[in-house]
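What follows is one structure encoded as structure tokens, with my remarks underneath.
As a basis for the values below, the full set of heavy atoms in this structure was taken, side chains included, without hydrogen atoms, waters or symmetry mates. Each chain gets a letter, A, B and so on, in the order its sequence line appears, and its residues count up from 1. What you see is a predicted model, and the numbers here were worked out from it, not measured in a lab.
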Amino acid sequence: MLFLFLGSVSMIFGQEAVEPEPTLNSGDTAWMIVATVLVLFMTIPGLSLFYGGLVRSKNILSILVQCFALTCIMTLLWVTYGYSLATTDGNAFIGGFEKVFLKGISVDTLSGTIPESVFTTFQMTFAIITPALIVGAFAERMKFSAILLFSTIWFTFSYLPVWHMAWGGGLLAGWSVIDFAGGTVVHINAGIAGLIACIMVGKRKGFGSAALMPHNVPLTVIGASMLWVGWFGFNAGSELAADGTAGMALLVTQIAAATAAVTWMFVEWIKTGKPTAVGIATGTIAGLVAITPASGTAGPMGAILIGVCSGLICYVCATSMKRAFGYDDSLDVFGVHGIGGIVGAVLTGLCAAEFMGGSGISLDSTGAQIFAQIKGVVVTILWSGIVSIVALFLIDKTVGLRTSAESEEMGLDLSDHGESGYNS
Amino acid sequence: MLFLFLGSVSMIFGQEAVEPEPTLNSGDTAWMIVATVLVLFMTIPGLSLFYGGLVRSKNILSILVQCFALTCIMTLLWVTYGYSLATTDGNAFIGGFEKVFLKGISVDTLSGTIPESVFTTFQMTFAIITPALIVGAFAERMKFSAILLFSTIWFTFSYLPVWHMAWGGGLLAGWSVIDFAGGTVVHINAGIAGLIACIMVGKRKGFGSAALMPHNVPLTVIGASMLWVGWFGFNAGSELAADGTAGMALLVTQIAAATAAVTWMFVEWIKTGKPTAVGIATGTIAGLVAITPASGTAGPMGAILIGVCSGLICYVCATSMKRAFGYDDSLDVFGVHGIGGIVGAVLTGLCAAEFMGGSGISLDSTGAQIFAQIKGVVVTILWSGIVSIVALFLIDKTVGLRTSAESEEMGLDLSDHGESGYNS
Amino acid sequence: MLFLFLGSVSMIFGQEAVEPEPTLNSGDTAWMIVATVLVLFMTIPGLSLFYGGLVRSKNILSILVQCFALTCIMTLLWVTYGYSLATTDGNAFIGGFEKVFLKGISVDTLSGTIPESVFTTFQMTFAIITPALIVGAFAERMKFSAILLFSTIWFTFSYLPVWHMAWGGGLLAGWSVIDFAGGTVVHINAGIAGLIACIMVGKRKGFGSAALMPHNVPLTVIGASMLWVGWFGFNAGSELAADGTAGMALLVTQIAAATAAVTWMFVEWIKTGKPTAVGIATGTIAGLVAITPASGTAGPMGAILIGVCSGLICYVCATSMKRAFGYDDSLDVFGVHGIGGIVGAVLTGLCAAEFMGGSGISLDSTGAQIFAQIKGVVVTILWSGIVSIVALFLIDKTVGLRTSAESEEMGLDLSDHGESGYNS
Amino acid sequence: MKKIEAIIKPFKLEEVKDALSEIGIEGMTVTEVKGFGRQKGHTEIYRGSEYTVDFLPKIKVEIVLGDEQVESAVSAIINAAKTGKIGDGKVFVCPVDEIVRIRTEEKGENAV
Amino acid sequence: MKKIEAIIKPFKLEEVKDALSEIGIEGMTVTEVKGFGRQKGHTEIYRGSEYTVDFLPKIKVEIVLGDEQVESAVSAIINAAKTGKIGDGKVFVCPVDEIVRIRTEEKGENAV
Amino acid sequence: MKKIEAIIKPFKLEEVKDALSEIGIEGMTVTEVKGFGRQKGHTEIYRGSEYTVDFLPKIKVEIVLGDEQVESAVSAIINAAKTGKIGDGKVFVCPVDEIVRIRTEEKGENAV
Ligand SMILES: Nc1ncnc2c1ncn2[C@@H]1O[C@H](COP(=O)(O)OP(=O)(O)O)[C@@H](O)[C@H]1O
Ligand SMILES: Nc1ncnc2c1ncn2[C@@H]1O[C@H](COP(=O)(O)OP(=O)(O)O)[C@@H](O)[C@H]1O
Ligand SMILES: Nc1ncnc2c1ncn2[C@@H]1O[C@H](COP(=O)(O)OP(=O)(O)O)[C@@H](O)[C@H]1O
């Protein structure tokens, strides 16, 4: 708006238009403060509830404390060195140290048209939710201390580098990989870590034989609803402004979520005769994950395509594939975030194309874009996978990954946190 | 603001002020994105929890899945043809097909000062909550497949036409009926459908003899709180801008909700000796419903009047009247949304009057306005009632409306969704 | 922005810049509507859940109804006389009556750059949460009628005067006490009232011998998460604009909350061997309380200092100190809000200093500022304490404060509200 | 003196209670239990797998009474609880040596 | 050997447990039950209608013990559980043929 | 006819059920109970204080059966439920006078 004004004034006077310094835009700032709040809302309470409802009642608090503690610890790590290493100039893999402890951020520093304080807090909420996503994979059996250690190491050596590669001018950015809101940085990154971790930590006692049923499905459905609602901050917030692109991100996010949920519901209905609550909720998350990288470039038709594909493919992965391979990804972190992220990343290339109603890649370069997307996926898988293996190996050899059989039997709530979730 | 600026520039230069093309306003856009999020938040998790807590534990998931699935399906219907039929030019009853599949909406198209993508998503959330409201009327006994069918038909043949009549330049708009945020389009429309449906589906087994108590009142109170909070998106969002009218809508919404809740609480306290949690929560919803059509035109005093009347009248309807007539409107969709909507629609005419602190109808035309409001109510009642009767009749003759007695006994969670809400 | 524009135009024309009338800024308005919604969200459902989970299941509804009813009643008191007495000119202790019943507020009146309707609703949400905070102190034993009476009296004679003293140009404002978002007005004020009330109402039956365990810790954690999320409306909203100060308030609020939570968690882990869910949640609230007065002036380093101190000191107060003195502050209103508020108020003086990264108090005047802060604390403690003692004494002599032993045994849900929270 | 223990279907509790009232039995103690027997449980679906939930919700009603009331009580329960479908439950009768009412310390059949 | 079953008011459980400990009884099994008797339940309000909740929460305490301990145990329970108000509950004594401690396979009174 | 009541650790229920099935016992009724005995409960932390939770979750399994099945059933239960650690629980055997299957009104051992 101000640009416009300055532009018109210059025109009036026949002067040369100079590229103006960006100034604070109150509308953009208003939106980005709220978007930050929404993304925090995704982790606590959203994700905590979604995951918490799915475990047995003896482990409910372990999930809630894990998500809550990670929220706090990631905040401090982001402030201390995360923001600097992710966002400042450095090499193709990692940034530098000039903004450690948020050096230089004041009331007046801007990042585009919003205060830099808002930008760093917005990005902090992404750094929070990503490690929190992973805890679903090894739920009900990993030690709290090991989780905190693993998350700290993984955040430092996998989250920050992938952020820098994709969004900080690093390797993936150089390849023009499109990851508008974090399909690669957040979801594939976390999904792979979850897969590795659930394999290295081992299966829960009873997995495959006993029915390890969710103790409170309503919590899960509420949590999924909150994730959905908060996801608009995630996707439309990634525009960093309240404009037409943010609006379109809002719309396509809604469409993809709904489409994936409906897809999952009908597939399950056809296959088992019953559309379940856990099913439709999980389908929504699959759609939200998959639209994430595409939300700045896809149009409504692309969103429907992404929704159908992610609903279908994640359904298969979270049910048949998991059973076939026999790993115990307890709350389907890999099946939903890993696979959904990959599906989304690849389709982002396609759906950005003009003929798909996207924001403007020509038919000719669509193939190249899809290839770039695939390269981005592969790099992220390898990077996160290797960091996870090394980190988990080291922790296993030192403090140990897994709680004792007795603690697992008793439940992590009592063994790790000295509390029961429910009393009378 | 930009208007203002252009105005002042023109003044400076002594040029003629030309009505400027509306341009994107980032503050309005920021608010409308958030308002959209808030209205979605009303349905999931808000309404789902409000309703879910009121049923017995064997039916909790059925409510949650119904609300969730309708959220998804209405999203797709709105994208496919809803937006077009509701909003584009057509006749007095329905719009046309030129925007099916959101044709023409791009990153750059505006609707007033906000992106059209935001406008359509905002309106989509209204299309979601309206059918979801209805499910409370036939809770605990209607088949899931029948609910999806009914909602689709009713959405197409009642929601869209009433939208077009009231807000799309149709019949009611021609009569100057005031319905700022959907008292008629949403609440009366849904309330009547609920009344018809609960009668045609029949009473729950045990209704009138057994105490069909809410299984989890805290869920209901949380849900009511979320509805309250989200309702600001509904009412203040209906201004489609962040301005003084939106601000006043915020204020009067809060006042009416609080007044109706307090009214209900004291009436119940006097009549039964105990102010209940379900009571005060229901009173709030009654107030929110009733202020909805008036929220763009009433002042604080009007809000108090609307709050007192809706609290009082809905209390009587949800308790004595329901008992007198003997229909099983399980969660009081008609008693609260139908009646509250009618009370609000009529009082909107009065409270818009200047002497009531409203936004400017003169004393003389108040009578005419009230008469117009009543005409709007009658048309909506008839339209929604007839569509509901026909739709339910057809479904009853084909797939059937009601679950088997055995399934009702077992609970819809197991019979329709193959899941229990709570395990250990 | 408009200032800027007018400024530049004037420069262009070489005219004198005139201080322009503030006009409505849509970005600020958007943010403040949302901030209002967020602060309401803090009370219902946030605080209700946080408190509700901590009581026994027979008292869950009493907490929910108390918070809900106070929300409604405070809305009406604020509209009737609260806004006027708090905000209009008067003497050093209280304002006047010229805005009773919100006289003069219309769609067009502004308060700075936002509609006055938004400003009064925003402040209304503060008037709602403050009495609601107090109910945690006498949970599970005080009569509902006595609570409503006490809250009304205390609101009138303590909340409104302290508001006026701190924010309405009264005594504390004259001393230049810094209370950006309500550390004194809200938290110390409520904390002291809670301490007095829990002592005068007496301990719960079984306190000190039986384990009065929380019935549903997940509710508490969800509630704490919602309080956290909503608190950004509280703190960043207190800037009344979407600008750099609001952005910095967002950032420091997040940092202080996380730091205090982590501090509490590790202290508890070291002392008892188990980091609990209730512990980490309570630590967060302590940090949020303490940063509240400082959120407009502190920088990130100040936020860390405030977080560490409040986490540590509140931990000691809510555990050892409470046990040492033997009062039954059931949900730690004094230990967290009273003590956290005092810690925050004093440190606000320090953290505003430039060398702490604050917003500009010079080294020389830091001592004076801290002294002013302490004076503000003392005045608030005395004022709220005396009003509470008198009010509780009067109520005790008339309607009585405490429920009968039998009702306490049965639970307040049945005795006061005629309902059980949970059925099957 | 005897104790009757009846395992019944949950939704039959009201009818059983009413049937007992009719023959003058006004005291009983009720427990939620899970039953395992010929009646097979429902299947639940979770993550695409079906699990059979073996244990079905049942209600146990316990009544202590004098010897001469046993027969009529048993037939009242049977009549009220019968649906004729598998899983209707069982009635057991056990001997009781002594009964005391805590409030009055009355003993034997007077305590019932 | 005998089994004592005591139906008591929930808030008396701690006192009963302590009274039994004092006379050397350290083992017992406790069940949440619902009682129906002379004591009438509370009314709850829902949507303007009042419903009487017939079944009141009670606690069932089961103790298996040797014959000679029965008398003192019963009077300990009665003393601890009595409030003198209606609804205090009952104590039943039944015969037991055999007791086994699973851990050690000890039998009879040694297993208690 | 006899009734076996076994108090066991909750996670042993599946094994006990399977062991009984193997010897042909397909009917049983299961209750969640709380046990108090030599095994001491865990401590919970709340607001910096530690509380010992005395009562431990246990499962009560009740089986009614013919006299000749008692011995094999008791040993099946003991074998399946034993961990050798304190708190494994008890098995009690009581006499039963009569059994009726509600559905068919069959009496005695046929009703089991
Ligand atoms: N031998 C037994 N001992 C104790 N309870 C039993 C026994 N057999 C059955 N039951 C109880 O009776 C219920 C009904 O038994 P089931 O075999 O399913 O049907 P039916 O009684 O109609 O033959 C079971 O769920 C269980 O609670
Ligand atoms: N005949 C009975 N058989 C089994 N339980 C009984 C019987 N009569 C009473 N009870 C149990 O004892 C409880 C108290 O009985 P009630 O008649 O209310 O008071 P009181 O024992 O003081 O006369 C009841 O709630 C019920 O659980
Ligand atoms: N005298 C008793 N009467 C009834 N139940 C008992 C008795 N003693 C023990 N129990 C039950 O058996 C369980 C195990 O007893 P405990 O003394 O802890 O271990 P163990 O059986 O290994 O000696 C207890 O939790 C309780 O439920």
Side-chain angles (χ1 to χ4, degrees), chain D residues 1-8 10-34 57-67 70 73 76-77 80 92-112, chain E residues 1-10 12-13 15-16 19 29-41 51-62 65 67 70-97:
Chain D
M1 291 165 294
K2 300 287 177 193
K3 180 164 81 161
I4 299 177
E5 286 190 31
I7 315 289
I8 59 171
F11 69 98
K12 283 295 191 179
L13 176 58
E14 284 294 312
E15 287 172 53
V16 168
K17 197 194 73 187
D18 295 345
L20 289 168
S21 290
E22 262 170 41
I23 59 165
I25 294 173
E26 297 279 6
M28 70 193 73
T29 299
V30 167
T31 315
E32 291 178 11
V33 297
K34 294 196 165 142
K58 299 279 171 191
I59 290 283
K60 176 159 84 175
V61 181
E62 287 170 288
I63 311 135
V64 177
L65 32 53
D67 295 333
V70 171
I77 293 172
F92 315 130
V93 183
C94 321
V96 168
D97 294 349
E98 182 59 290
I99 309 179
V100 194
R101 164 174 288 128
I102 292 174
R103 172 166 49 96
T104 57
E105 303 192 24
E106 283 162 283
K107 297 226 158 120
E109 300 197 6
N110 293 330
V112 180
Chain E
M1 290 163 295
K2 300 288 178 193
K3 180 164 81 160
I4 299 177
E5 286 191 28
I7 315 288
I8 60 172
K9 289 188 169 161
K12 284 293 192 180
L13 176 59
E15 287 173 52
V16 168
T29 299
V30 167
T31 316
E32 291 178 11
V33 297
K34 294 200 165 139
F36 185 73
R38 291 173 205 193
Q39 184 191 7
K40 287 303 155 223
Y51 296 93
T52 299
V53 176
D54 289 332
F55 288 100
L56 296 166
K58 300 278 171 191
I59 290 282
K60 176 159 85 174
V61 180
E62 286 170 287
L65 32 55
D67 295 333
V70 170
E71 209 167 324
S72 59
V74 170
S75 41
I77 293 171
I78 289 176
N79 288 336
K82 193 189 299 196
T83 68
K85 293 208 199 107
I86 205 159
D88 273 356
K90 319 273 173 190
V91 179
F92 315 132
V93 183
C94 320
V96 168
D97 293 348

Please report the C-alpha distance between D:E98 and E:K2 in whole Å, then the side-chain angles of each, then the deciding distance to 0.1 Å, and finally whether the salt bridge (charged side-chain N to carboxylate O under 4.0 Å, His left out) criterion is met. CA-CA 11 Å; D:E98 182 59 290; E:K2 300 288 178 193; over 6 Å; no
For a 4.5 angstrom cut-off between non-hydrogen side-chain atoms, does [X] reach [Y]?
X     : Y     : value
D:E32 : E:E32 : no
E:C94 : D:D97 : no
E:F55 : D:K17 : yes
D:E26 : E:F36 : yes

Is it the backbone or the side chain of D:V96 that comes under 4.5 Å from a heavy atom of chain E, or both, or neither?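 When you check distances to chain E, atoms from both the backbone and side chain of D:V96 fall under 4.5 Å.
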Interface moiety of D:L20 toward chain E, non-hydrogen atoms closer than 4.5 Å: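 Neither part.
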Under 4.5 Å, counting heavy-atom pairs only, tell me which of D:M28, D:E105, D:K3, D:E62 racks up the most with chain E.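 If we count pairs closer than 4.5 Å to chain E, D:M28 comes out on top.
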Tell me if the NZ atom of E:K40 is crowded by more than 12 foreign heavy atoms within 6.0 Å.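 Yes - once you tally the heavy atoms of other residues, nucleotides and ligands closer than 6.0 Å, there are more than 12.
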If you apply the rule side chain to side chain contact (heavy atoms under 4.5 Å, CB included), what do you find for D:I102 with E:I8, and how did you get there? CA-CA 8 Å; D:I102 292 174; E:I8 60 172; 3.8 Å; yes
Under 4.5 Å from any heavy atom of chain D - which part of [X]:
X     : value
E:I86 : both
E:K34 : both
E:V74 : side chain

Please answer whether the main-chain N or O of D:T29 pairs with a side-chain N or O of E:K58 as donor and acceptor at a distance below 3.5 Å.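 Side chain of E:K58 to backbone of D:T29, a donor-acceptor pair under 3.5 Å: no, none is there.
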For the candidates E:G37, E:P95, E:A81, which exhibits the highest count of non-hydrogen atom pairs separated by less than 4.5 Å from chain D?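 Of the options given, most contacts go to E:P95.
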If we define contacts as heavy-atom pairs under 4.5 Å, which of E:T31, E:I78, E:I77, E:D54 has the most with chain D?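 It is E:I78.
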Given D:I99 and E:V91, is the side chain to side chain contact (heavy atoms under 4.5 Å, CB included) satisfied, shown in steps? CA-CA 6 Å; D:I99 309 179; E:V91 179; over 6 Å; no
Pairwise distance CZ(D:R103) to NZ(E:K85) - rounded to 0.5 angstrom: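 With rounding to 0.5 Å, CZ (D:R103) is 12.0 Å from NZ (E:K85).
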